[in-house]
Each structure stands twice: as C-alpha cells, then as structure tokens.
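Note on naming: letters A, B, ... go to the chains in the order of the sequence lines (proteins, then strands), and numbering restarts at 1 for each one. Since this is a predicted model, take the numbers as computed values, not measurements.
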Amino acid sequence: METEEKKIYTIEDIARELGVSKTTVSRAISGKGRISQATRDRVRAFIKEHDYRPNVVAKGLAQRKTYNIALLMPKDYVATEFLFFKDCMNGICEMASSYEYDIIISMIDGADVSQIQRLEANRKVDGIIVSRAVVSSKVQKYLKNCKEPYILIGPSSDPEVPFVDNKNQEAGKELTSIMLMKGFRNLALLGGNQSYNVTGSRYQGFLEAHEEMGVSVNENLIFMDTDNQAAVSDAVKRLLEEGADGIVCMDDVICSMCLSSLREKKISVPAEIKIASMYDSKNLEYNNPPITSIRFDTVRLGKMACAKLLNILGEKPLEDTLTLNYQVMLRESTQ
DNA sequence: TCAAACTCGGTGCACCGGAG
DNA sequence: CTCCGGTGCACCGAGTTTGA
C-alpha cells in the first residue's frame, strides 16, 4: 500500500490558502495584536483541520529563545533520592510541556561546572532548574553569574535566589512532636547526607519539637549520613544500647534499612520500638506494620519549580494557589 | 577565495486604508 | 482624528549558495 506523506504546513502556507498575511496568521495563533474574531476563527479552523503545529525552532529563532529548560541533577545521587527525583521530574516535565518547553537533563559532578558552561555557551536553554542535591558552592556561584535565570529546588540561604521547597523543617517538627506527644522521651534520629540542605532542615525541625515540648535531645541518638545499610545497622545497634524508645527516620529508604536491621535483631515494631518516617513513598507501601510517615507532594514540588521559572521567563502568570504542603499519615508503627 | 546574499518559519513593529 | 483590522518587511542565527 502506498503511504501518503502528510503535508507539513507552515504559517506561510496557511496565509496563502486563506488569503491573508503571515502576520495575521501568527496573530490568530498567538492571540497577540488586533485581529477580528471572524479571521481568527477562520485561521483556527484551518489549523485544526490540517493539524498544523508551529515550528518551535523558528519560533525560538524569532524570539531568541530555545524553549528548553535545563534540569541539573547530581551525578552521584544515592538510592534514597531516586524516588524524589522521579516524582520531581514528572512534575517539571508536565508543567514544561504545557508551555511547549522541553527538559534537558544535565548531570553535575561535584563542583564541576563544565556541563553548565557548555549549555550556556551553546545557548541550549532559557532557564535552569537546580535540584536540591546540587549544593556545591562553586556551582551556585557559577549559576549566579549565568545570564540564564535559575531556580533552586530546596532551601536557599540567598534571598536573591528564587527557590521552591517542601516544608521540611515544619514536617520534621510535626512528626517529632507527634512522637513526643505520645510520650516517647528517648527519640533517635536517623538522618541522610549532611551535605544536603534537606537533612539540616529536618534536623532543625526535630530539635525545635524537643525544645517546644521541653524535652532534652539525647545527642547519642542523633545519627547522620545513615544512607547505606552498614551505617544504618550500626546506628540501630547503638540506639538500642542507648535505650531509644522511638526512631525518626529522615526518609523512607533509611527507614526501610532500619526496619530490616530491626528485623534481623528480632526487635518488633511497634511493640518494642516505634518508628516514623518521611516521604511516604512506594518503598514502605507494603510494610507490615504500616509506617507512620510524612507525605510530601513531590510531583507538585516539581511543577511549582517549573512554574516559577516559567514565570521568570515571562511565560506564565504566577498562581498563588500553587502552594506546597504535607500530610501526616498516622499508622500502626507509632501506636 | 571570500564576502554577500539567501535560506528556513515565525515574530514584532511601523504603517496603511477604511469606517465612524 | 481615532480606532480597527489588516499588510509588508526587517529580523532572529547559522549554514549554504552565489557570484565577483
């Protein structure tokens, strides 16, 4: 069977077919400038009928835009972050594509800025989204001097740098408060990589809850950088020796490793020790007992980061309705 | 050999003619 | 004169073609 190749229309073809100028067609599509409703309808009907799609490269050429956004990811991200990135990316891509933007992912190796340099030199992107784990000060300093705007996912200490972030500190505080209100007085904290801001924020929340409730923190029960099984097992061993009555894990992967370590030691949850986590991801979905956890909407976080950047790029009015929050999922592990 | 002109598809601005 | 609805053309950037 002979396959008939579909004609790809240009704005000029439409103008010719409809007996108007290219500018008129462009206006009918963009909605900018003065044009009669009748002409606009005619153009739109033609576009619909012939499935016309504007050439984004040409559009970019005329507007000096690329319609690309860079997403900077850390090259050395650990397993605990995978689900975060996945959800975040879903949100970013969804928001970007609704404005005809595409995402270019660039893996950043420590303080090496060569990837960003290349994107900038080749004018590949209009803006940059920096995932929270790219924290090297050299990278941040470089970005500040970049001509492309950027937004940070995660806390920003610099008031000039736009950012979006989950309410990590508040969530850490609330989760800890819940444990303290249940009467636990010897809480352990298993934290992630200390070079990440999120770890610091959640730790601050943990401390604040103690302070507010007038409970002193047992320094021997604070474990950081427990992002691998060996470190978690060691922490679990020590927190049991120290007589901890509850464990707050900074994320689900840490919690999952912690549960595995407790099982190995035949310590039962929640009968012998309570445990709570943050992030409420698939990692713990089928755990028995169900784990009390903070649920963040990371897809929304990604969407919001992208929306804010699009706003800076002049593409999108900023919606106040796009706010971030979290839910506390109270389950059997803390009962 | 090499500078100038042209190419792609779309945008933005200056401007035009007709109507009120 | 002003407003409306439209036109014409320069321009965007980089590669290719033309022609002196």
Whole angstrom value for the distance that separates C1' of B:dG12 from NZ of A:K59: 14 Å
Sugar-phosphate, base or nothing in reach of A:T39, heavy atoms under 4.0 Å: sugar-phosphate
Sugar-phosphate only, base, or nothing, as touched by A:V25 at under 4.0 Å among non-hydrogen atoms: nothing
Sugar-phosphate, base or nothing in reach of A:T10, heavy atoms under 4.0 Å: sugar-phosphate
5' precedence on DNA chain C between A:T24 and A:R64 (nearest-nucleotide basis): A:T24
Minimum-distance nucleotide (side-chain atoms of A:S26 versus B:dG12, C:dC12, B:dT11): B:dT11
Spacing of A:Q63 atom CD relative to B:dG9 atom P, expressed in whole Å: 17 Å
Distance (rounded to the nearest 0.5 Å) between A:L72 CG and A:I153 CD1: 10.0 Å
Nucleotide nearest A:T23 (side chain, heavy atoms from C-beta), chosen from C:dG8, B:dT11, B:dG9: C:dG8
Side-chain donor-acceptor pair present, A:N186, A:D245, cut-off under 3.5 Å: no
Euclidean distance, atom CZ of residue A:R16 to atom P of C:dT7 [Å, nearest integer]: 15 Å
Gap between atoms CD and C1', on A:Q37 and C:dG6 respectively (whole Å): 15 Å
Side-chain donor/acceptor of A:K22 to base of B:dG10, under 3.5 Å: yes
Nucleic acid contacts - residues 40-52 of chain A versus DNA chain B, non-hydrogen atoms under 4.0 Å: A:Y52
Any donor-acceptor N or O pair under 3.5 Å, side chains A:Y142, A:E120: yes
Passing option when A:C258 is tested against A:I273, A:V269, A:V232, A:V253 for side-chain contact (heavy atoms from CB on, under 4.5 Å): A:V232
Touch class at under 4.0 angstrom, heavy-atom based, for A:S36 against every strand present: sugar-phosphate
Given C:dC3, B:dT11, C:dT7, the nucleotide with the shortest approach to the side chain of A:R34: C:dC3
Between P of B:dC8 and CD1 of A:I8, the distance in whole Å: 15 Å
Close side-chain approach of A:I275 and A:T334, heavy atoms under 4.5 Å: no
Among B:dA14, B:dT11, B:dG9, the nucleotide that comes nearest once only the side chain of A:L61 is considered: B:dG9
Touch class at under 4.0 angstrom, heavy-atom based, for A:R123 against every strand present: sugar-phosphate
Side-chain H-bond candidate by donor/acceptor type, A:Y101 with A:T66, under 3.5 Å: no
Parallel, tilted or perpendicular: rings of A:Y203 and A:F206 (30°, 60°): parallel
Plane angle bin for A:Y326 and A:F296 - parallel if under 30°, tilted between 30 and 60°, otherwise perpendicular: perpendicular
Nearest-angstrom distance from the residue atom CD1 of A:I35 to P of B:dC13: 17 Å
Interatomic distance where CD belongs to A:E100 and C1' belongs to B:dG10 [whole Å]: 14 Å
N or O in side chain of A:R27 less than 4.0 angstrom from C:dG6 OP1/OP2: no
